[in-house]
Amino acid sequence: RHGVRSMPIRKDDEVVITRGMYKTREGKVTAVYRKKFVVHVERITREKVNGASVPVGIPASSLCITKLKMDKDRKAALERKSKGGSKKGGDVAMSNVD
């Protein structure tokens, strides 16, 4: 859609879970814990023994972003990434070096 393969995940992005017990579930990202390498997704919770519901941490590699929350920094990153990835034959200049 945006011409890029990957993008750092962020709060308020919309995602689909692609692996694990919650596969094919959709939701909005509510929190990103970079230290724990997990993401909390809206409506993905589990009940604790005492009845409280806690969000389940989903690894970012198990998610697919369906909709980005756009702002000027994100738009600039998309343009930078899509422009840089489109050039083919980047090693042609070094092909005749011995």
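Here the straight-line distance linking atom CZ of Arg46 with atom OH of Tyr22 works out to 5.0 Å at 0.5 Å rounding. Rounding to the nearest 0.5 angstrom, the gap separating the CD1 atom in Ile9 from the CG atom in Leu63 is 5.0 Å. Taking CE from Met70 and CG from Asp12, the interatomic distance works out to 14.0 Å, rounded to the nearest 0.5 Å.
Lys48 approaches Val54 most closely through the heavy-atom pair CD-CG1, 3.3 Å. Contact record, Lys81 with Ser6: NZ-O, 2.5 Å, taken as the closest heavy-atom pair. Between Ala60 and Val39, the shortest heavy-atom distance links the atoms CB-CG2, 4.1 Å.
Side-chain atoms of Thr18 come within 3.5 Å of backbone atoms of Ser62 as a donor-acceptor pair (strictly under, hydrogens ignored). Without hydrogens or angle criteria, Lys67 side chain to Lys28 main chain gives no donor-acceptor distance under 3.5 Å. For Arg19 (side chain) and Pro59 (main-chain N/O), no donor-acceptor pair under 3.5 Å exists by modelled atom type. Side chain of Arg25 to backbone of Arg43: a donor-acceptor contact under 3.5 angstrom is found.
One finds a salt bridge joining Arg74 and Asp13 here, because a Lys/Arg side-chain nitrogen approaches an Asp/Glu carboxylate oxygen to under 4.0 Å.
By the criterion of side-chain heavy atoms lying less than 4.5 angstrom apart, applied directly or through intervening Ile, Leu, Val, Met, Phe, Trp or Tyr residues, Met7 is grouped together with Ile58 in one hydrophobic cluster.
Few gaps surround CZ on Arg10; more than 12 heavy atoms of other groups in view lie less than 6.0 Å from it.
Under the side-chain contact (heavy atoms from CB on, under 4.5 Å) criterion, Tyr33 pairs with Ala31, Lys36, Val38, His40, not counting sequence neighbours.
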* Show your working on side chain to side chain contact (heavy atoms under 4.5 Å, CB included) between Leu68 and Leu78 and close with a plain yes or no. => CA-CA 11 Å; Leu68 294 170; Leu78 275 173; 3.9 Å; yes
* Asked: Should Val56 and Met21 be marked as a side chain to side chain contact (heavy atoms under 4.5 Å, CB included) after you check the CA-CA gap, both sets of side-chain angles, and the distance that decides it?
  -> CA-CA 11 Å; Val56 176; Met21 195 168 87; over 6 Å; no
